[in-house]
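Following: one structure in structure tokens, then a few remarks.
Here is how names work: the chains are called A, B, and so on, in the same order as the sequence lines, proteins then strands, and each is numbered from 1.
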Amino acid sequence: MTATTTPTRRITAAMAMAEAIAIEMRKSDDVFVMGEDVGPYGGIFGSTTGLYDEFGPERVIDTPISETAFIGAGIGAAVEGMRPVVELMFIDFYGVAMDQITNHMAKIHYESGGEVNVPMVLMSATGAGYSDAAQHSQSLWGTFAHLPGLKVVIPSNPYDSKGLMASAIQDDNPVLYLFHKGAQGLVWMKKNPRSIAEVPEGEFTVPIGEAAIAREGTDVTIVTVSLSVQHSLDVAEELAGEGISVEVVDLRSLVPLDREAVLNSVAKTGRLLVVDEDYRSFGLSGEMAAIIAETDPTLLKRPMRRLAVPDVPIPYARSLEYAILPTTDKIAAAVRDLMS
Amino acid sequence: MTATTTPTRRITAAMAMAEAIAIEMRKSDDVFVMGEDVGPYGGIFGSTTGLYDEFGPERVIDTPISETAFIGAGIGAAVEGMRPVVELMFIDFYGVAMDQITNHMAKIHYESGGEVNVPMVLMSATGAGYSDAAQHSQSLWGTFAHLPGLKVVIPSNPYDSKGLMASAIQDDNPVLYLFHKGAQGLVWMKKNPRSIAEVPEGEFTVPIGEAAIAREGTDVTIVTVSLSVQHSLDVAEELAGEGISVEVVDLRSLVPLDREAVLNSVAKTGRLLVVDEDYRSFGLSGEMAAIIAETDPTLLKRPMRRLAVPDVPIPYARSLEYAILPTTDKIAAAVRDLMS
Amino acid sequence: MTTPDRADLYAGMVRIRKFEARILQEYHADKSPAWDIGAGLIPGEMHLSAGQEPVAVGVSAHLTADDAITATHRPHHFALAHGVDMKRLAAEIYGRTTGLCHGKGGHMHLFDPSHHFSCSGIIGQGYPVACGQAMAMKRRGTDHVAVAVAGEGAANQGAFHESLNLAALWNLPVVFVIEDNDWAISVPRSHSTATPSNADRAAGYGMPGVRVEHNDPDAVLEAAGAAVARARRGEGPSLLEVHTVRLWGHFEGDAQAYRGAELETLDERDPIPAYEARLLETGELTPERVEEISAAATAEVDEAIEFARDSPVPPPEDALRDVFA
Amino acid sequence: MTTPDRADLYAGMVRIRKFEARILQEYHADKSPAWDIGAGLIPGEMHLSAGQEPVAVGVSAHLTADDAITATHRPHHFALAHGVDMKRLAAEIYGRTTGLCHGKGGHMHLFDPSHHFSCSGIIGQGYPVACGQAMAMKRRGTDHVAVAVAGEGAANQGAFHESLNLAALWNLPVVFVIEDNDWAISVPRSHSTATPSNADRAAGYGMPGVRVEHNDPDAVLEAAGAAVARARRGEGPSLLEVHTVRLWGHFEGDAQAYRGAELETLDERDPIPAYEARLLETGELTPERVEEISAAATAEVDEAIEFARDSPVPPPEDALRDVFA
Ligand SMILES: Cc1ncc(C[n+]2csc(CCOP(=O)(O)OP(=O)(O)O)c2C)c(N)n1
Ligand SMILES: Cc1ncc(C[n+]2csc(CCOP(=O)(O)OP(=O)(O)O)c2C)c(N)n1
Ligand SMILES: [Mg+2]
Ligand SMILES: [Mg+2]
């Protein structure tokens with residue numbers, strides 16, 4: 001990541017995102033923001049806080065509830081060389097604009113034989129944990145990582161939120177930037193303290209495609225993304241007291257995927273737990289299994305463990321929702337199980 | 001599968017599908033068909049041939065190009081207890097109706113706590129191989145298998161095409177029925193002889209959720225679906241001559257998934273090749289790796305091989321398209337490689 | 001169907017408002033001191049309908065339990081007006097086993113097949129489903145109708161267009177209702193919709209379109225009556241837009257800074273006191289009747305909330321059930 | 001922009017028709033005896049535009065290479081009329097390295113950034129993209145416009161509605177063009193569209209809507225001129241529907257049984273001989289000029305096809321390139 005010497009202060013992930021967007025908007029008139037309630041409201045999950053006041057309605061544009069039209073418009077503007085940052089309020093709403101996202105935003109560069117770039121960021125909120133039920137709680141990164149043409153970026157902390165957003169806007173490719181509501185540091189939602197952290201004031205980037213070893217360890221590898229990184233770090237701290245050394249690999253992006261980081265860690269520990277707030281089957285945990293199985297299945301000293309949403313829609317009632325989410329309890333239990 | 005004593009004759013997979021729909025339509029007025037060009041045209045890929053003549057425009061309904069509306073209408077009719085069979089012409093068009101498919105068709109039963117059923121079939125054409133390029137050549141079964149609430153059925157031959165369609169219509173759940181254009185036995189497309197086969201005239205079903213061992217073998221397991229089953233059988237025949245014994249597992253449905261069939265076969269052979277015409281990453285091959293890795297990674301005597309579309313959109317030019325498709329050459333090479 | 005008593009419409013509105021007011025209170029009760037959306041007896045997003053009661057009672061007065069309604073993320077007023085059981089509705093909002101969906105659905109995903117009632121949290125997406133319900137009703141030779149509800153914000157979603165075209169083309173018994181409450185979260189109608197009246201859009205599908213400018217049960221009753229009757233006669237769909245008002249936030253917790261001075265005028269725009277005054281004047285209501293209606297509604301709401309609170313929380317293992325029938 | 005010569009419009013149509021006729025011939029040439037869609041020098045689906053030339057030349061006459069067009073699955077006439085290089089177009093259809101997209105796109109996915117030209121095989125989905133191009137043009141202070149093309153079938157897709165609303169709301173320089181050729185594959189307009197004229201739908205977005213009933217370059221030229229000029233003046237979008245004709249199948253290989261007796265009338269409805277006769281009558285064309293135009297078009301087409309045929313097939317390893325920039 002780019003070195004930086006500017007002072008840091010503790011800010012939320014939401015503020016960090018908005019700050020990165022503001023910096024890019026100051027640098028270039030080509031950068032603008034559109035989406036539902038991104039203007040005076042500042043984004044339902046705070047991703048555009050302050051931008052309307054600084055840049056006004058011409059550059060921070062509230063849209064009608066027409067995701068196909070405004071995501072498509074983002075594509076058109078990007079094709080013409082602008083750098084739109086478009087918000088899809090919840091990733092769960094992908095279905096009303098999936099064609100623009102996966103048949104157009106993702107494919108134009110390839111279809112054109114490289115003649116046309118689509119330098120656009122689509123940012124969207126993911127995640128469960130506050131009883132928003134089946135249509136407002138999904139993660140869905142596995143869905144987008146399966147379909148070629150989009151970079152899929154998933155920050156887990158304020159520093160990465162800022163640095164990855166800067167990289168995403170500067171990227172000449174379409175980037176899907178998925179932020180977890182529960183990791184935004186919002187005042188009105190329960191949060192892990194890791195959602196507020198030291199972030200440099202000035203410009204910096206975090207490269208897209210490099211996993212972070214969020215914590216080093218020797219016994220068990222946890223591969224994960226997003227809010228589950230925070231949970232996994234909590235568990236790692238807890239289990240350190242029991243003498244279990246957990247390595248936490250924060251993938252940070254699924255496309256490109258840092259296969260080496262996963263293989264290196266598993267080569268070291270021989271034990272793999274994938275923690276994934278997305279649905280279990282045909283997703284992230286499968287892909288992790290495959291990169292090991294096609295490289296060297298003997299890396300695994302134990303059967304791997306998958307902790308993910310067990311292929312059910314997200315239920316509403318708290319007792320049901322927490323039954324299917326990868327909570328710290330379940331993470332800890334899975335690690336212990338791998339060590340037993 | 002249900003025993004049957006009716007005479008058989010050689011028909012195409014397309015005819016077999018249409019025949020199953022006709023039988024169900026004769027049995028119940030609740031069954032009706034809608035989609036683009038399903039009427040007098042008989043379905044672009046022959047899936048509704050003859051139905052309009054027998055049942056007329058009230059039960060075989062041509063729709064406007066409004067996939068959200070007519071798939072949603074299918075859901076509404078199903079909620080009221082009818083059994084619509086709806087065609088989405090190409091699975092590639094999912095993006096204009098993805099919300100209805102995955103947020104409604106797939107979730108209503110669960111969200112309602114089991115109070116509401118959605119007995120609906122959504123049938124759609126998949127597959128590449130005739131230069132229809134990036135927006136008309138995808139398979140995408142991995143995408144739908146990842147998202148909970150839909151059964152995902154994928155026949156590979158005329159017998160299963162009929163029997164699985166019957167099961168799909170009789171099922172009280174929403175079923176996504178994906179048929180490969182290149183396995184329909186259409187007169188205007190290059191085809192494998194396996195696309196035309198003996199099928200009983202009368203009613204029968206093939207259960208959803210049971211894989212078929214399309215060919216038994218002892219050296220290498222190929223797990224696959226759809227047209228790739230036909231290719232894999234061809235390769236198995238060819239390699240038998242070289243003394244390599246290939247077992248071909250035709251999953252037939254991804255949801256429910258017959259994990260046992262995969263595990264049993266790999267336990268026997270120790271060598272796994274997954275052949276998948278869908279995109280490689282975060283898909284079918286990953287899931288196969290995971291069910292082994294979480295059960296017993298030592299089942300694999302060799303690193304597994306994944307033969308799938310290498311995470312690029314489907315290119316147009318034949319030289320490019322065949323470079324990324326799982327052709328018989330590549331299947332044979334991968335098997336040989338596993339044996340070397 | 002005989003014209004409903006105006007006092008009944010009034011009572012219907014009071015009943016809804018009391019329910020919503022109680023949910024408001026219950027929702028906020030245990031989210032302090034640090035307000036946490038996921039905490040308390042009622043967690044999650046909460047979109048309440050205060051101010052929009054005239055639409056629900058005016059439309060539903062023409063319906064029976066055989067007619068369908070697809071409602072929105074803001075569904076309680078239509079659910080109650082259509083006859084969905086208040087106890088089971090409350091229990092669902094509390095996430096209890098006795099709820100309409102046994103705790104799986106929640107406030108945006110209410111299903112009551114006995115009243116052909118459903119709703120969805122995805123904007124505009126009830127419109128297509130209502131078309132399909134209407135198809136089934138028509139194919140079965142009944143004179144039932146399906147009512148599809150959306151907000152004015154939702155009327156700019158593709159599903160709106162496709163559904164209106166489909167319903168008109170197939171002459172389906174659907175009444176498309178748009179609740180224009182001027183706002184889609186923080187986005188005013190002027191920033192979302194390129195026409196002052198969605199009724200104008202109906203012409204593009206060859207169907208009648210009416211905009212009711214007054215947030216008044218009588219006006220809604222009349223316009224909806226024509227639309228429902230037309231659908232029942234087999235003459236096809238209609239569009240009905242009602243200019244209503246959202247008295248509270250988009251969801252609870254919404255500070256509504258974006259509404260500015262409008263916030264101060266909201267009390268005057270409350271449709272219930274206005275209607276009450278009118279009916280008192282005509283003698284259709286008396287102060288005693290008003291009291292009775294209020295007391296009955298309070299009692300019903302109390303009972304429903306008590307039922308919900310006393311009902312069991314679903315056991316965790318239920319989460320794995322009901323993916324498939 | 002000065003009004004184009006009518007003879008030039010004629011020449012533009014002839015050039016397009018010759019190209020399409022040649023592609024037709026080349027496409028079918030090597031698919032026999034067992035007709036195989038994937039075989040031959042030109043594989044895949046092939047949607048040709050014969051009959052629809054008046055729309056392309058009438059609209060494009062008002063555009064320069066700085067203006068954008070998003071076309072459909074039936075894109076050749078608009079590509080050629082807008083100035084996309086015929087050689088590179090042909091080479092793309094042949095899937096060669098010299099093609100517009102180096103063989104990756106194919107006939108439904110043509111991209112020529114030097115003319116802001118693109119198309120898509122997904123119905124209606126060029127409409128939103130054109131809105132975005134128009135946004136960029138407007139934000140940069142140019143007077144360029146974006147033209148979005150769709151068929152009458154596509155006008156029932158959600159993207160149509162959302163895009164018209166967005167463009168009207170933001171006053172974007174877009175001209176929405178609908179080519180009404182009566183058919184969406186085998187589905188007649190009467191089975192897809194609940195209004196006789198899509199121009200009626202424009203009112204629902206507060207934008208001008210015009211339906212040109214005659215498949216005639218002059219009529220299109222005039223109506224498109226007003227719409228383009230309006231957009232250039234910054235006065236916002238317009239909708240223009242042209243009643244045109246699809247002389248051939250939906251795609252090649254389409255037996256068109258569903259068209260019945262209409263098939264026999266198609267020759268008479270060919271817009272090119274009609275226009276030619278008119279211009280011969282007024283003296284704007286002479287038999288010699290007609291000959292010259294024909295010969296020039298033939299020569300250009302021959303050269304383009306030769307270029308395509310002689311160009312290299314992309315090496316397999318290119319398939320893995322260009323996913324990311
Ligand atoms: C497809 C989709 N986009 C966005 C949202 C987020 N959202 C929920 S309610 C809402 C505003 C709805 O406004 P309107 O339709 O006017 O209904 P109201 O809330 O005013 O009743 C938005 C944008 C959503 N649920 N679904
Ligand atoms: C979303 C979507 N649905 C369906 C199709 C399949 N399809 C391709 S062309 C076509 C008919 C288009 O009709 P129209 O818009 O009138 O254009 P025309 O072919 O007549 O030029 C259809 C249904 C598609 N490409 N995309
Ligand atoms: Mg509203
Ligand atoms: Mg057409």
Side-chain angles (χ1 to χ4, degrees), chain B residues 29-30 32 34 57-59 61-84 86 96-120 148-151 171-175 208-209 255-256, chain C residues 68 70 92 97 99-106 108-114 116 118-140 142 144 146 148 157-167 169-170 172 174 314 318-319 321-325:
Chain B
D29 269 354
D30 285 337
F32 69 96
M34 63 179 159
E58 291 297 315
R59 293 185 67 197
I61 309 168
D62 275 338
T63 62
I65 313 173
S66 306
E67 286 84 356
T68 288
F70 73 76
I71 293 174
I75 296 168
V79 158
E80 294 296 326
M82 304 202 74
R83 295 189 172 265
V86 181
V96 301
M98 191 63 165
D99 183 73
Q100 287 294 335
I101 302 170
T102 59
N103 267 335
H104 293 88
M105 182 175 157
K107 288 183 186 163
I108 284 175
H109 183 70
Y110 187 86
E111 286 174 333
S112 75
E115 296 289 335
V116 179
N117 286 351
V118 186
M120 166 173 172
L150 299 179
K151 296 194 176 178
D171 203 297
D172 284 335
N173 296 290
V175 177
I208 297 175
V255 182
Chain C
T70 61
E92 188 57 32
T97 56
L100 290 167
C101 310
H102 313 297
K104 285 212 168 85
M108 285 190 278
H109 315 100
L110 303 165
F111 293 86
D112 179 358
S114 69
H116 304 265
S118 66
C119 60
S120 167
I122 308 292
I123 289 301
Q125 301 299 318
Y127 270 38
V129 174
C131 290
Q133 292 179 291
M135 278 181 84
M137 291 161 171
K138 184 176 173 181
R139 298 175 87 81
R140 288 176 168 161
T142 72
H144 306 150
Q157 178 68 220
F160 168 91
H161 174 69
E162 295 191 6
S163 301
L164 266 71
N165 184 60
L166 201 77
L169 199 62
W170 294 350
L172 298 175
V174 187
D318 274 10
R321 301 209 178 97
D322 299 326
V323 179
F324 292 116

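- In terms of heavy-atom pairs under 4.5 angstrom with chain C, the leader among B:Val116, B:Asp99, B:Asp171, B:Asp172 is B:Asp99.
- For the set B:Gly114, B:Ala106, B:Pro84, B:Pro174, the entry with the most heavy-atom pairs within less than 4.5 Å of chain C is B:Gly114.
- The candidate from C:Gly103, C:Pro113, C:Ala167, C:Ala146 with the greatest count of non-hydrogen atom pairs under 4.5 Å with chain B is C:Pro113.
- For B:Val255, the part lying near chain C is the side chain, with the backbone staying farther off; criterion is any non-hydrogen pair under 4.5 Å.
- Using a 4.5 Å cut-off between heavy atoms, C:Leu164 makes no contact with chain B at all.
- To the nearest 0.5 Å, atoms CZ (C:Phe324) and CG (B:Asn117) are separated by 12.0 Å.
- Among all heavy-atom pairs drawn from B:Ala69 and C:Ser163, the shortest one is CB-N, 4.0 Å.
- Listed by first then second residue, pairs satisfying side-chain hydrogen bond (donor to acceptor under 3.5 Å, both in side chains) with a partner in residues 67-77 of chain B read B:Glu67-D:Gln157, not counting sequence neighbours.
- To the nearest 0.5 angstrom, B:Ile75 atom CD1 is 10.5 Å from C:Ser118 atom OG.
- Within the 4.5 angstrom heavy-atom criterion, no atom of B:Ile71 approaches chain C.
- Using a 4.5 Å cut-off between heavy atoms, C:Ala130 does not touch chain B at all.
- In this structure, B:Pro64 and C:Asn165 have side chains that are in contact, with non-hydrogen atoms separated by less than 4.5 Å.
- For B:Asp29, no part sits under 4.5 Å from any heavy atom of chain C, backbone or side chain.
- Within the 4.5 angstrom heavy-atom criterion, only backbone atoms of C:Arg321 (N, CA, C, O) approach chain B.
- Pairs passing the salt bridge (Lys or Arg N to Asp or Glu O under 4.0 Å) check and including a residue from residues 105-119 of chain B, sequence neighbours excluded, do not occur.
- Counting heavy-atom pairs closer than 4.5 Å to chain C, the top-ranked of the candidates B:Thr63, B:Ile65, B:Ile108, B:Val79 is B:Ile108.
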task: Could you go through the side-chain contact (heavy atoms from CB on, under 4.5 Å) check for B:Gln100 and C:Ile122 one step at a time?
output: CA-CA 9 Å; B:Gln100 287 294 335; C:Ile122 308 292; over 6 Å; no
message: With side-chain contact (heavy atoms from CB on, under 4.5 Å) as the criterion, how do B:Tyr110 and C:Lys104 come out once you've worked through the C-alpha distance, each side chain's angles and the decisive distance to 0.1 Å?
response: CA-CA 7 Å; B:Tyr110 187 86; C:Lys104 285 212 168 85; 3.4 Å; yes
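- For B:His104, the part lying near chain C is the side chain, with the backbone staying farther off; criterion is any non-hydrogen pair under 4.5 Å.
- In this structure, chain B has no heavy atom under 4.5 Å from any part of C:Ala148.
- In this structure, the side chains of B:Met82 and C:Met135 stay at 4.5 Å or more apart for every pair of heavy atoms.
- Using modelled atom types, no side-chain atom of C:Arg140 and backbone atom of B:Asp30 make a donor-acceptor pair closer than 3.5 Å.
- Side-chain contact between C:Trp170 and B:Ile61: present, with at least one pair of heavy atoms (C-beta onward) separated by less than 4.5 Å.
- The structure places OG of B:Ser112 at 11.0 Å from CG of C:Leu110, a figure rounded to the nearest 0.5 Å.
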